[in-house]
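Below, chains carry the letters A, B, ... as their sequence lines are ordered, and counting in each starts from 1.
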Number of protein chains: 2
Amino acid sequence: MTVTTLDEEPAVPATIRDVARASGVHISTVSRTFSAPHLVNPETRVRVLACAEDLGYRPNRAARALITGRTHNIGLIVADIANPFFPPLIKAAEGQARHRDYHVFVADTNEDQAAEEELVHALAKQVDGVLLCSPRMSNSLIEQVSREVPVVVINRQVAGLPCVMMDVGQGARLAIEHLLGLGHRRIALLGGPRGSWTNREIRRAAVAAARAGGAELTVLGPNHPTETGGGAVADQVRRSGVTAVLAYNDLMAIGLIEGLDALGLRVPQDVSVVGVDDIALSRLTRPKLTTVATPTAAAGRTAVDMLLQHDSDAPRGARGRGASAGDHRTTAQVMLQTELVVRDSTGPVPPPGRDGTGA
Amino acid sequence: MTVTTLDEEPAVPATIRDVARASGVHISTVSRTFSAPHLVNPETRVRVLACAEDLGYRPNRAARALITGRTHNIGLIVADIANPFFPPLIKAAEGQARHRDYHVFVADTNEDQAAEEELVHALAKQVDGVLLCSPRMSNSLIEQVSREVPVVVINRQVAGLPCVMMDVGQGARLAIEHLLGLGHRRIALLGGPRGSWTNREIRRAAVAAARAGGAELTVLGPNHPTETGGGAVADQVRRSGVTAVLAYNDLMAIGLIEGLDALGLRVPQDVSVVGVDDIALSRLTRPKLTTVATPTAAAGRTAVDMLLQHDSDAPRGARGRGASAGDHRTTAQVMLQTELVVRDSTGPVPPPGRDGTGA
DNA sequence: TACTTCACTGCAAACCTTTGCAGCTCTCCG
DNA sequence: CGGAGAGCTGCAAAGGTTTGCAGTGAAGTA
């Protein structure tokens with residue numbers, strides 16, 4: 001009487017030793033079958049692979065990480081996953097990483113500096129590198145972190161570190177020029193969160209462009225970069241008497257439009273509004289949002305490539321003379337182009353005396 | 001002449017051995033200082049902690065994972081990060097996990113079954129458990145996976161496995177009843193993706209509610225669960241002559257409204273539209289969307305709790321008698337309540353002969 | 001005083017894999 | 001026919017941590 005064994009996956013996973021035993025070779029041969037196939041006899045290789053398949057063997061990544069010093073994981077730290085700006089970037093980064101046999105830890109800091117710092121430390125020991133996306137920490141803190149673990153910074157410029165930036169300055173200039181072209185001369189800038197490089201860039205460029213065009217630019221902020229944050233300043237915008245607003249991002253722009261609507265001001269008839277990011281949502285609101293499109297997916301992919309460009313490098317924590325994390329790493333800084341997408345939330349300046357301005 | 005040493009982080013990270021040497025104890029005492037503090041003399045403890053702090057020591061998780069068999073990572077597999085339904089869930093899950101000293105791998109399957117299966121296998125060896133969110137694979141595949149790694153299923157019911165569900169059936173019933181109350185008798189259901197449990201639940205409940213109310217329900221689909229998918233069926237909706245639509249999710253509902261608008265049909269005057277999910281976006285579109293609110297954040301937290309409830313369990317892959325992954329794990333199935341949020345996209349049935357229906 | 005108990009610490013094996021080195025067998029060339 | 005070289009495989013150390021067991025000294029008990 002024969003007993004057929006169930007072909008379930010075994011409860012305790014097969015190790016390299018099991019495979020070696022099953023295929024009659026030494027464990028080192030099994031190891032090489034996976035990590036350096038060209039070093040093992042083709043016949044042996046197929047046999048080993050067959051046994052491995054049979055036993056459902058998968059290399060233990062912890063053990064591998066222990067000896068190689070590389071985890072094949074990368075960390076991605078973002079300010080707020082729920083902000084629709086980030087998911088496309090995350091998605092692109094993750095796809096690119098997977099493509100290179102890496103996994104991605106995503107961590108959310110809730111727009112909090114302290115959480116950001118804590119997270120990056122917690123992650124550092126567990127990943128081969130970290131993508132810092134729209135960091136709110138100080139440059140010096142970022143530099144300190146970069147000595148502990150390889151870092152690529154997204155949406156910020158830090159000297160001596162690899163960075164992927166989007167040229168929001170140029171975008172802001174285009175936006176202001178667009179508004180100037182429509183006749184607007186009193187414009188507000190809705191500032192974003194404190195510590196945001198993007199925020200500074202936008203402001204710098206907007207101020208310059210407004211001045212060049214002979215317009216008056218009022219800066220309102222900093223604000224929380226969400227609909228709520230945008231809605232909260234609606235009244236302030238109304239009282240300021242401006243006819244157009246450039247917001248730090250689309251979410252704030254949309255919130256502002258809502259808020260203005262509640263105050264009886266219509267967009268774009270009474271006030272023109274421009275956002276930044278071109279999130280999917282901005283095509284769906286009414287009016288459709290005029291905005292500065294940023295190439296978020298490309299940024300995610302590029303950042304992963306930059307982080308992993310030295311894939312074959314000596315691992316971190318190699319014995320003997322240790323190379324500091326940033327050594328002989330080309331610290332390229334990439335600036336991606338943005339463009340202005342004109343939709344329905346901007347229009348010609350309203351005739352004077354309509355509201356607010358005249359006492 | 002004294003030389004002050006730079007207090008930079010060392011390029012090669014401190015190990016438990018360095019801390020032991022610095023504090024004059026054995027490595028096992030250092031280990032216990034972190035993993036079982038009550039076993040070590042308070043004085044020794046503070047000394048060790050001071051040295052560890054000083055050296056910037058952080059335990060190597062790979063080494064720990066190697067011996068304990070627990071990685072302190074969990075995997076979270078979602079259909080599409082860019083779908084705004086998921087980020088709040090991810091965020092909640094991640095926060096809850098971090099709270100218990102776990103990290104989260106987020107993986108995106110692009111709504112693809114094969115990618116889903118591949119991902120869960122790739123992740124299995126690297127995490128202590130997997131959260132399967134809105135899986136598109138078959139139940140039997142899920143069961144097979146669950147033998148390899150502990151699994152909690154979100155948004156789907158699988159017998160014998162811990163599940164966190166949202167009662168979309170009840171939500172759909174409320175939605176249909178709401179439409180019936182407004183006088184609608186010809187209603188369409190916009191189906192979601194094939195393989196979605198949520199989709200089946202909604203359909204089942206909607207069909208039942210419509211029948212009970214003496215209404216005619218047309219099912220359109222399956223469709224891609226995005227704005228595009230919703231917009232694509234606008235013409236079909238118009239031709240069908242229905243006066244109200246229940247969509248699989250908010251994204252499709254919004255896309256449909258756009259599409260109908262392009263065809264000259266206004267919401268809610270000509271057609272009423274109800275979505276499901278209550279994503280942040282649905283409050284921002286015009287008209288504001290009537291929708292079934294699902295407690296996504298709560299689902300994320302609950303799922304993590306269920307996965308980690310046996311945190312002190314014997315690790316997977318313990319030597320000797322191995323317990324199958326699902327052993328003595330209480331396979332609770334949690335059903336979270338949903339509710340109908342009435343906004344501006346639904347209204348009374350239009351007077352007959354307005355459009356489409358009459359010749 | 002002698003014995004037990006307790007609190008604490010050290011010892012050493014074990015986790016699974018990678019990799020430099022050495023050894024083996026064959027082939028090829030002189 | 002001898003030697004060199006190539007191709008393949010085995011050996012064993014190493015990586016950082018956890019943990020059962022044993023050992024130490026001091027305090028408590030009889």
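Ring geometry, B:Tyr57 versus B:Phe34: the interplanar angle falls from 30° to 60°, so the pair is classed tilted.
Looking at A:Asp128, its side chain never comes within 3.5 Å of a backbone N or O of A:Ile74 through a donor-acceptor pair. A donor-acceptor distance shorter than 3.5 angstrom exists from the side chain of A:Asp108 to the backbone of A:Ile81, with no hydrogens or angles considered. Using modelled atom types, one side-chain atom of B:Glu116 and one backbone atom of B:Met137 make a donor-acceptor pair closer than 3.5 Å.
For B:Gln157, the CD atom counts as densely surrounded, since its 6.0 Å shell holds more than 12 non-hydrogen atoms of other residues, nucleotides or ligands. Atom NE2 of B:His121 has more than 12 heavy atoms from other residues, nucleotides or ligands within 6.0 Å.
One interatomic measurement links the two molecules: CG of B:Asn60 to C1' of D:dA14, which rounds to 14 Å at whole-angstrom precision. In this structure, A:Arg70 atom CZ and D:dG15 atom C1' are separated by 16 Å, rounded to whole Å. Whole-Å rounding puts the B:Arg17 CZ to D:dG15 P distance at 8 Å. When the P atom of C:dC8 is taken as reference, atom CZ of B:Arg47 falls 14 Å away, rounded to whole Å. Here C:dC16 presents its P atom at 10 Å from OH of A:Tyr57, a figure rounded to the nearest Å. As rounded to whole Å, 13 Å separates atom C1' of C:dT17 from atom CG of A:Asp18. Note: CG (B:Leu66) to P (C:dA14) measures 14 Å, nearest angstrom. A straight line from NE2 of B:His72 to P of D:dT18 spans 10 Å, rounded to a whole angstrom.
Residue contacts for A:Val30: at a heavy-atom cut-off of 4.0 Å it reaches no nucleic acid atom on any strand shown. Contact annotation for B:Ser28: base contact, defined as any heavy-atom pair under 4.0 Å involving a base atom.
Side-chain N/O atoms of A:Thr29 include one lying less than 4.0 angstrom from OP1 or OP2 on D:dG10. Between A:His26 and D:dT9 there is no side-chain N or O to OP1 or OP2 distance below 4.0 Å.
Among the nucleotides D:dG16, C:dT18, D:dT19, the one closest to any side-chain atom of B:Thr15 is D:dG16. The A:Ile16 side chain lies nearest to C:dT18 when the options are C:dT18, D:dG16, D:dG10. Taking only side-chain atoms of B:Thr44, from C-beta outward, the nucleotide of C:dC8, D:dT18, D:dT9 with the closest atom is C:dC8.
Comparing A:Ser31 and B:Leu39, the nucleotide of DNA chain C nearest to each residue sits closer to the 5' end for B:Leu39. Comparing A:Pro59 and A:Arg32, the nucleotide of DNA chain C nearest to each residue sits closer to the 5' end for A:Pro59.
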If a protein heavy atom is under 4.0 Å from the base, mark B; if only from the sugar-phosphate, S; if neither, -; do that for nucleotides 22-27 of chain C going 5' to 3'.
-> ------

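Under the 4.0 Å criterion applied to side-chain N and carboxylate O atoms, A:Arg98 and A:Glu94 are assigned as salt-bridge partners.
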